[in-house]
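All values derive from a computational prediction rather than experimental measurement. Lettering of chains follows the sequences in order, A, B, ..., and the numbering in each one begins at 1.
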Protein chains: 2
Amino acid sequence: MSDDTLTISDRIQAQLDDLTRAERQLAHSILENYPASGLGPLSALAKDAQVSVPTVARMVQKLGFSGYPEFQLELREELKAKVKNPIAKHDTWAERAPSEHLLNRLTDAVIDNIRHTLGQIDPKDFDAACDLAADTSRHLYIVGGRVTHTLAEYLFLHMQVIRPKITHIQSTSNAWPHYLLDVKEGDIFIVFDMRRYENNTLKLAEMAHAKGAKLILFTDQWRSPVHHLADISFSSRIVIPSAWDSAVTPLLLLETMVSTVQNLTWGDTKDRMEALEDMFDQTKLFRKFT
Amino acid sequence: MSDDTLTISDRIQAQLDDLTRAERQLAHSILENYPASGLGPLSALAKDAQVSVPTVARMVQKLGFSGYPEFQLELREELKAKVKNPIAKHDTWAERAPSEHLLNRLTDAVIDNIRHTLGQIDPKDFDAACDLAADTSRHLYIVGGRVTHTLAEYLFLHMQVIRPKITHIQSTSNAWPHYLLDVKEGDIFIVFDMRRYENNTLKLAEMAHAKGAKLILFTDQWRSPVHHLADISFSSRIVIPSAWDSAVTPLLLLETMVSTVQNLTWGDTKDRMEALEDMFDQTKLFRKFT
DNA sequence: ACAAAGGTGTTACATATTTTTCAATATTTT
DNA sequence: AAAATATTGAAAAATATGTAACACCTTTGT
């Protein structure tokens with residue numbers, strides 16, 4: 001590296017606030033696949049970032065270079081140094097932290113969990129579950145427990161936009177028996193139950209099962225007792241080097257399910273989403289996204 | 001990437017015997033600090049290898065490229081691909097599903113998001129944020145928006161066990177101004193704001209800031225406007241091939257923070273956790289974990 | 001609502017870079 | 001050893017690239 005140990009990536013990030021809209025857009029494009037994109041011709045970079053050519057020229061000057069060639073020169077120097085440096089065997093995620101840092105250790109564990117979990121999932125099951133969740137002729141109930149209700153609600157919030165006839169039940173609430181009154185045969189329950197498994201959730205699942213509802217279960221690798229009642233279950237690995245379990249893998253499955261269901265019901269969803277957009281615009285809850 | 005998986009470096013070494021004296025000299029110069037030297041101007045490379053300019057042009061054509069620019073283009077593509085694969089290359093995640101299956105595509109994107117995000121995080125910032133969150137002399141407020149309140153609550157549920165003096169505020173609720181009455185200088189706000197950024201969250205952050213509270217922000221790569229007020233911010237990449245954004249990366253950061261804070265306050269947490277266990281056992285809410 | 005300032009993009013120009021041409025030198029073959 | 005062939009480098013031509021000046025648009029403050 002050159003005189004100072006600051007990489008160009010660092011400098012861009014540090015200055016990110018002093019940059020204008022187009023320049024920020026460009027900055028993200030440079031960081032997107034760093035440093036490769038900065039090593040091409042200026043015009044290619046500009047096109048890639050969808051900004052004009054002079055914007056690129058101006059920004060590199062703002063970063064303290066006399067011009068684009070000098071900017072590229074330093075990028076190449078950086079690259080040389082990185083390749084040469086034996087430490088730069090970046091098998092570490094947070095590159096600036098030692099590999100023993102929790103950021104790296106937990107990320108390792110989480111990736112490992114994802115790999116294990118996905119490796120054991122049968123895509124047929126997954127697709128079948130998504131088909132069920134996309135079926136608007138059935139009412140969809142989403143059930144979570146003490147901790148897992150956050151996952152349940154995350155799923156609920158998205159599904160709410162995608163389809164009608166949907167209810168979020170918290171198994172720890174006293175009110176859940178009331179919800180079961182209306183359950184009809186063929187309705188769907190998406191149940192979350194991770195250790196420590198909750199009695200309420202099990203009872204709720206039993207009653208739903210008795211009423212002829214289909215059960216889709218998200219659980220952990222040891223499987224909640226609800227598993228015996230479930231039509232389809234997904235078990236995620238959730239252990240990380242922490243006193244707590246990780247919800248990352250189940251969340252990934254959820255997001256994939258949301259995306260899949262969305263694709264299955266695109267015709268209807270589109271209208272629903274546009275309607276929602278309008279409502280948000282009217283309530284001025286949100287800032288315009290620029 | 002090109003059709004064949006051969007890198008330029010491989011191709012050069014394979015052809016090394018068919019090259020002439022000057023070309024071999026040049027080849028070694030390219031391989032010397034690969035790929036940086038090949039990414040500069042042709043003339044610089046020629047001078048560096050002490051060969052003439054046309055020699056470079058000729059050899060590049062011998063390698064099968066139409067010209068020097070095309071050669072550089074492929075070098076950059078190679079670099080992009082290399083940077084992208086720190087772990088687990090082409091093995092698909094859900095092995096039983098084709099690589100185009102959403103399970104695999106979304107997982108790829110999520111892993112990529114994690115890598116990008118972690119790579120840009122300064123561990124000093126992260127540790128500083130954890131230190132703040134572990135400081136029980138300050139009250140800790142956790143603030144989420146319409147969707148992000150699920151993340152906020154996830155954090156809250158865990159922190160609640162780890163430390164006292166903690167409050168979860170939903171910025172979309174009408175009640176939030178009341179919470180601010182009790183805020184004292186030095187109190188901590190952990191704020192979640194992802195696109196679309198919410199006006200309420202911004203206002204809440206402004207008021208908290210005005211009261212002298214410390215702000216820790218979890219946002220996306222484009223950064224919520226709250227960023228300007230925040231003492232520490234973490235920007236996660238959240239884009240996935242879906243109509244929705246991914247919360248996986250921020251969740252990973254959260255879990256790491258929980259674990260870190262837990263370690264920092266272990267002496268106290270231990271007692272709190274045991275007390276909690278007792279309470280759970282008494283209420284019989286949970287099944288024994290076997 | 002208007003004016004001023006700052007930001008952005010289009011065009012044109014100067015410069016740098018690559019390619020081609022051609023002559024000189026080295027290498028191989030007979 | 002001489003001729004033929006292949007290799008190399010210098011210089012010129014062609015192309016691509018970066019920079020500067022100008023004009024339009026958007027935003028900000030009065």
By the 4.0 Å heavy-atom rule, please label B:R21 as base, sugar-phosphate, or nothing. sugar-phosphate
d(CG, A:L26; C1', C:dG9) in whole Å: 14 Å
Can you tell me which nucleotide in C:dT19, D:dT19, D:dG18 comes closest to the side chain of A:P41? D:dG18
With a 4.0 Å cut-off on heavy atoms, is A:V56 in touch with a base, just the backbone sugar-phosphate, or nothing at all? nothing
What is the distance, to the nearest angstrom, from the CD atom on A:E70 to the C1' atom on D:dT19? 15 Å
Provide, to the nearest angstrom, the distance between the CD atom belonging to B:Q25 and the C1' atom belonging to C:dA26. 15 Å
Can you see whether B:H139 engages B:D182 through a side-chain donor-acceptor pair at a distance of less than 3.5 angstrom? no
Which comes earlier along DNA chain D counting from the 5' end, the contact point of B:E23 or that of B:V53, where each point is its nearest nucleotide? B:E23
Using whole Å, report how far CD of A:Q50 lies from P of C:dG9. 10 Å
Whole angstrom value for the distance that separates C1' of C:dT27 from CG of B:L19: 17 Å
Between the side chains of A:Q15 and A:R11, is a donor N or O closer than 3.5 angstrom to an acceptor N or O? no
Spacing of B:L42 atom CG relative to C:dT20 atom P, expressed in whole Å: 12 Å
In whole angstroms, the gap separating C1' of C:dT18 from CD of B:Q72 amounts to 10 Å
Any donor-acceptor pair under 3.5 Å linking the side chain of B:S224 with the backbone of B:M194? no
Say whether, by atom type as modelled, one donor and one acceptor occur between the side chain of B:E74 and the main chain of B:I8 under 3.5 angstrom. no
Any side-chain to backbone donor/acceptor pair from B:E32 onto B:S29? Under 3.5 Å, distance only. no
Residue whose closest nucleotide on DNA chain D lies nearer the 5' end, A:G40 versus B:A22: B:A22
If you look at every strand shown and take non-hydrogen atoms under 4.0 Å, does A:P54 touch a base, only sugar-phosphate, or nothing? base
Name the closest nucleotide to the A:T55 side chain, picking from D:dG9, C:dG9, D:dG18. C:dG9
Let's see if you can work this out: which of D:dG18, C:dT8, C:dT19 has an atom nearest to the side-chain heavy atoms of A:Y68? D:dG18
When the distance from CG of A:D18 to C1' of C:dG7 is rounded to whole Å, what number comes out? 15 Å
Name the pairing partner of C:dT30, where a pair is Watson-Crick or G-U wobble with both distances under 3.5 Å, or state none. D:dA1
C:dT8, OP1 or OP2 - any side-chain N/O from A:T20 closer than 4.0 Å? yes
